[in-house]
Enquirer: 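Mind having a look at this structure? Questions to follow.
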Amino acid sequence: MAEEDLSEMAKDVELHLKLDPPLSANNKPSRSFKTSSSSSPPPCDTSHVLENVLENVLKFLESRRDRNAVSLVCRSWYRVEAQTRSEVFIGNCYSLSPARLARRFTRVRSLFLKGKPRFADFNLMPPDWGARFAPWVAVTAKAYPWLEKVTLKRMFVTDDDLALLAASFPGFKELVLLCCEGFGTSGVAVVANKCRQLKVLDLIESEVTDDEVDWISCFPEGETHLESLSFDCVESPINFKALERLVVRSPFLKKLRTNRFVSLEELHRLMVRAPQLTSLGTGSFSSSTENAGQGEQEPDYASAFRACRSLVCLSGFRELAAEYLPAISPVCANLTSINFSYANISPDVFRPIIRNCHNVRVFWALDSICDEGLQAVAATCKELRELRIFPFDPSEDSEGPVSGLGLQAISEGCRKLESILYFCQRMTNVAVTAMSENCPQLTVFRLCIMGRHRPDHVTGKPMDDGFGAIVKNCKKLTRLAVSGLLTDKAFSLIGEYGKLIRTLSVAFAGDSDMGLRYILEGCPKLEKLEIRDSPFGDAGLRSGMHRYNDMRFVWMSSCRLSRGSCSDIARALPSVVVEVFGSDDDDVDVDEDNADYVEILYMYRSLDGPRKDAPKFVTIL
Amino acid sequence: MIGQLMNLNATELCLGLPGGIKAVDSPARSSVRNKRGFSETVDLMLNLQCNKEETVDLNNATASKEKTLLKDPAKPPAKAQVVGWPPVRNYRKNMMTQQKTSAEEEASSEKAGNGGGAALVKVSMDGAPYLRKVNLTMYKSYQDLSDALAKMFSSFTMGNYGAQGMIDFMNESKLMNLLNSSEYVPSYEDKDGDWMLVGDVPWEMFVQSCKRLRIMKGSEAIGLAPRAMEKYCKNRS
């Protein structure tokens, strides 16, 4: 520990003094173009001072867009920025190699890596495609011994990776794994055990194999630094007594998200021991059958909630026993975030609860609350910023308890809405248009009409007008997902009016190549384009040639692309990696007739060319 | 190849109807002859051998080739589902399925929503700090299982198990050789709670009776041999 403190001090000292001690100045090639003559003595002090000033100014710059801009000013600024950037965000792990990262940025404390494209979540990508964390942890282990925070999204992480991480970063504080897979409870155990400074361990919507390791018991004895522990996605029982002891010795714990193997009684015990919690994942929220009928008095759940005066975020309810839901009433007025999206709550149970939630800003739920439930939300939650309604029955021919009625009600009641994800079976242009007019603050609009090619269910017309209204009226829109029956006209409107759109998702839509052309010739800020099962072909793809260098990625699956056009793009744009593969992982194309057809195209810009870890079924053109 | 496909599904949760998700010709695809989609391959897994031959035959035919979607005729969908649509993450889908079927959870299946026919068993290996779970119905033979186990536990390689992967109990010296080696040998706990050597019964019988797998050193497995032989002889007669 003492050794660590000294090194930390040395770092701070280094930061405030000159960047380069005189001895090493001659060894740095980047210095040479700063001075006028090649044989000059070490750079004069003024440039040192300027750099120090710059460094101290840049410390206040956190936004990566600002920092990117700064780094473009001149080489000196580039260098200083690179040496002061402590948080690095990499939106596509294949856009550069780990070695390049380590060369440019020398003092990284926090790393955010995103791997697979989003459509991989829906089984559209064969397994073992890539996005391994292994090469990143190997390089950063050596380059950034003081790394504190790692956030990974859609990456393949193994137990060995986690072990290396735990062993390599003595000051490691935060691990967040979103939608990751490849590891199990043994990897989690190693992190719990070896990362003695750990503040955050959040496993979110990740697949965690059950290695039958009691990882909760692996946290070291004594007071922990834990502030956030989320394991609601871990599908295996945990040692509750160990969890209870852990909570008791974690005085800084603010966020605790338990999994469904924690019963209501157990939750009660945790809450009583941690009334300082601000965010609680409630586990199963049902009574374990062992206690039923024993004649023991049931714990006073409402009182436990009442005692949690700081509670603002509730989630969980994985196996909700509806009769217990009113227990949360004491905290409803304080809640800013509610996630009921794993609970099949009927409108009758829901309405009395939501009535008190005046401060809710983020609300996730299942469509089981129906249009009536949404009307209740609209009536109460005037501060709502983000709404997500998921389908209880995610199939095309399910009942569909929510519709345009609910959408319109929300738009009329929640005027501050910024982000919406809405699954439904039927929708009208009128409702979508109403939302576009009532909610001018919308930045994210994702509507999923689950029936493919489904038109406006009242007029029978395509959904062009509704989505057109969204892009016309919501001037701040940056993310759009479309669905339902859509003609090329919808895309012409999106291309023309979607001036700030950065992410666009298209599925089962459009008539012809023109649809794709409208997008690629419009939408000036487009960075991420994901398309599936739409009749867009080579001509459409080619029309975007001028922009692929400036986009993060393009995904097109089950469209009408042929190898020829993909190869042309690969040839014309050397800094774009063009991957072509099928949805199964046959590495041999048995069907000669279809050799030209491209089932999946995934292309992305990259500084370091084609990746070396592509599996056999992937062809890089 | 087939083994690989099977492995994928050892760890993938299936939901809904037995046989999993199927794909349908979507309008964009119907006019283009293309490879069978991933989900269809999953669907056809158990019949994979003969279907692949059929595909080759189709390819050899002339001009009017048409892609035939080989569906399992036993499945009666109200409406066929498309892969990955609606776009709800597997994680969430699984949670929902679990909730719907938790009341009907069978005693034999450890996870709800697998439908009938899943044989999930835990696999432990002496010396390895973790357990894995496998679904025995995903494999067709001892060889498949052995390949899968080899992938999960990289230091494990199954010894010589003869033609169909079954132990030749009649050849005592061969058996003793196997058990005396320092190689790992898989053993399993059967329905009676006895620990047996894997490979003593035909594959299908094994899938029915295996409750748990343990990979142990050959030398440790020696104690199982006599019992295994006894049972073997009993089963034969």
Side-chain angles (χ1 to χ4, degrees), chain A residues 119 121-124 126-128 159 179 184-186 205-207 209-213 233 235 260 318-319 341-342 344 366 390-397 423 448 450 452-453 481 505 507-508 532-536 558-560 582-594 597 599, chain B residues 1 4-5 7-8 11-13 15-16 21 23 26-29 31-42 52 55-56 58-59 65 67 77-100 102 110-111 122 124 128-133:
Chain A
F119 274 12
D121 289 349
F122 313 126
N123 290 341
L124 291 181
D128 298 332
D159 293 328
C179 309
T185 45
S186 22
E205 288 195 37
S206 295
E207 215 174 283
T209 31
D210 178 10
D211 303 331
E212 303 214 348
V213 169
C233 63
E235 281 296 299
R260 63 180 177 90
R318 298 292 172 122
E319 287 161 8
S341 68
Y342 293 101
N344 186 10
L366 288 178
F390 295 95
F392 175 66
D393 184 359
S395 66
E396 287 183 72
D397 45 8
F423 282 84
C448 181
M450 290 193 278
R452 291 168 285 151
H453 310 292
S505 295
F508 302 102
R532 64 167 294 183
D533 293 277
S534 299
F536 303 141
S558 301
C559 297
R560 295 193 179 155
S583 56
D584 52 26
D585 49 6
D586 274 346
D587 55 4
V588 176
D589 210 337
V590 250
D591 205 349
E592 282 162 15
D593 219 47
N594 293 338
Y597 174 68
E599 194 168 354
Chain B
M1 194 57 54
Q4 267 183 356
L5 284 170
N7 282 342
L8 300 172
T11 50
E12 192 177 330
L13 288 176
L15 57 90
I21 312 160
S26 56
R29 274 164 60 156
S31 59
V32 184
R33 297 178 295 246
N34 51 25
K35 289 205 291 193
R36 193 174 297 133
F38 177 56
S39 63
E40 297 163 55
T41 318
V42 165
K52 279 222 168 203
T55 315
V56 170
L58 282 176
N59 285 338
K65 276 174 253 182
K67 173 167 158 17
K79 182 175 176 181
Q81 304 289 330
V82 173
V83 175
W85 188 263
V88 174
R89 285 201 191 122
N90 278 339
Y91 174 69
R92 187 171 283 283
K93 272 190 181 156
N94 294 336
M95 291 297 118
M96 294 294 96
T97 313
Q98 215 159 52
Q99 285 194 15
K100 282 180 217 158
S102 58
E110 287 177 74
K111 277 189 183 146
K122 293 183 194 163
S124 63
Y130 50 85
L131 289 190
R132 294 283 181 232
K133 278 189 187 146

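Side chains are part of it too, since the values below use all heavy atoms of this structure and drop only hydrogens, waters and symmetry mates. Note on naming: letters A, B, ... go to the chains in the order of the sequence lines (proteins, then strands), and numbering restarts at 1 for each one. What you are looking at is a predicted structure, and each value in this text was computed from that prediction instead of being measured.
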Enquirer: Any donor-acceptor pair under 3.5 Å linking the side chain of Arg318(A) with the backbone of Met95(B)?
Expert: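 No, because the side chain of Arg318(A) does not come within donor-acceptor range (under 3.5 Å) of the backbone of Met95(B).
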Enquirer: Which pair of non-hydrogen atoms, one from Lys93(B) and one from Pro394(A), has the smallest distance, and what is that distance?
Expert: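 Here Lys93(B) and Pro394(A) meet closest at CG-CG, 4.0 Å.
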Enquirer: By a 4.5 Å heavy-atom criterion (distance strictly below it), what part of Phe119(A) contacts chain B: side chain, backbone, both, or neither?
Expert: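 When you check distances to chain B, no heavy atom of Phe119(A) falls under 4.5 Å.
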Enquirer: Quick check on Cys233(A) against chain B: is it the side chain, the backbone, both or neither that has a heavy atom closer than 4.5 Å?
Expert: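 Answer is both: backbone and side chain atoms of Cys233(A) are under 4.5 Å from chain B.
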Enquirer: Which heavy atom of Val83(B) sits nearest to which heavy atom of Arg532(A), and what is that distance?
Expert: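 Where Val83(B) meets Arg532(A) most closely, the heavy atoms are O-NH2, 2.9 Å.
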Enquirer: Looking at residues at least two apart in the chain, or sitting in another chain, which of them share a side-chain hydrogen bond (donor to acceptor under 3.5 Å, both in side chains) with Asp121(A)?
Expert: Arg154(A), Arg89(B)
Enquirer: Compare every heavy atom of Pro86(B) with every heavy atom of Phe423(A), then report the nearest pair and how far apart it is.
Expert: CE2-CB, 4.2 Å
Enquirer: Which heavy-atom pair separates Ala507(A) from Trp85(B) by the least distance, and what is that distance?
Expert: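 Shortest heavy-atom separation between Ala507(A) and Trp85(B) comes out as CB-CZ3, 3.5 Å.
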Enquirer: Applying salt bridge (charged side-chain N to carboxylate O under 4.0 Å, His left out), can you list everything that pairs with Arg260(A), at least two apart in sequence or on another chain?
Expert: Glu235(A), Glu319(A)
Enquirer: Counting only non-hydrogen atoms closer than 4.5 Å, does Ser341(A) touch chain B with its backbone (N, CA, C, O), its side chain (CB onward), both, or neither?
Expert: both
Enquirer: Are Met96(B) and Phe392(A) close enough that some pair of their side-chain heavy atoms sits under 4.5 Å apart?
Expert: yes
Enquirer: Closest heavy-atom contact between Tyr342(A) and Arg92(B)?
Expert: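 Looks like OH-NH2, 3.5 Å.
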